[in-house]
Trainee: 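Following this message is one structure expressed as structure tokens.
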Amino acid sequence: MPRDECLWCESKQLAEGTLSSAGRVYFKAKKARFWTFDENMVEVRARVCVDCGYIDLYADTSKLKRLVKP
């Protein structure tokens with residue numbers, strides 16, 4: 001679970017969102033299970049500190065745990 005403060009300056013002023021390019025930015029596991037019904041793409045969420053501009057990135061860990069090999 002993300003902390004409620006900026007990791008760089010410890011400000012509590014964080015704006016949540018997603019990163020975008022031509023579409024959303026996803027994480028693709030290098031060693032994913034071969035046979036799954038889920039696509040090997042995990043959405044990346046972001047938070048930006050309003051005070052210093054630091055960006056935190058977070059992935060959907062529940063989906064990632066289903067995709068990666070132990």
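Fair warning: this is a prediction, and the values are worked out from it, not measured in the lab. The figures here come from the full heavy-atom set of this structure, side chains too, leaving out hydrogens, waters and symmetry mates.
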Trainee: Between C6 and L14, does the side chain to side chain contact (heavy atoms under 4.5 Å, CB included) criterion hold? Intermediate values first, please.
Mentor: CA-CA 7 Å; C6 174; L14 301 172; 4.1 Å; yes

Trainee: Compare every heavy atom of I55 with every heavy atom of A46, then report the nearest pair and how far apart it is.
Mentor: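 Heavy atoms of A46 and I55 come nearest at CB-CG2, 4.4 Å.
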
Trainee: Answer with yes or no whether the hydrophobic clustering places V44 together with L64; edges join I, L, V, M, F, W, Y residues whose side-chain heavy atoms lie under 4.5 Å apart.
Mentor: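 Per the 4.5 Å side-chain linkage, V44 and L64 are co-clustered.
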
Trainee: Tell me whether V50 shares a hydrophobic cluster with Y54, the cluster being built from Ile, Leu, Val, Met, Phe, Trp, Tyr side chains joined at under 4.5 Å.
Mentor: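 No, separate clusters.
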
Trainee: Looking at residues at least two apart in the chain, or sitting in another chain, which of them share a side-chain hydrogen bond (donor to acceptor under 3.5 Å, both in side chains) with T61?
Mentor: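 Checked T61 against side-chain hydrogen bond (donor to acceptor under 3.5 Å, both in side chains); zero matches.
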
Trainee: So do C49 and C9 actually touch side chain to side chain, heavy atoms under 4.5 Å?
Mentor: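 Yes, close enough: below the 4.5 Å cut-off.
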
Trainee: Holding to salt bridge (charged side-chain N to carboxylate O under 4.0 Å, His left out), I want the full list of residues that pass it with E10, two or more places apart in sequence or in another chain.
Mentor: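 By the salt bridge (charged side-chain N to carboxylate O under 4.0 Å, His left out) rule, E10 matches no residue at all.
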
Trainee: CG of L7 to SG of C52: how many Å apart, nearest 0.5 Å?
Mentor: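 Separation between the atoms: 9.5 Å.
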
Trainee: Check side-chain hydrogen bond (donor to acceptor under 3.5 Å, both in side chains) between D56 and all other residues, then give those that pass, not counting sequence neighbours.
Mentor: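 Here the qualifying residues are R47, Y58.
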
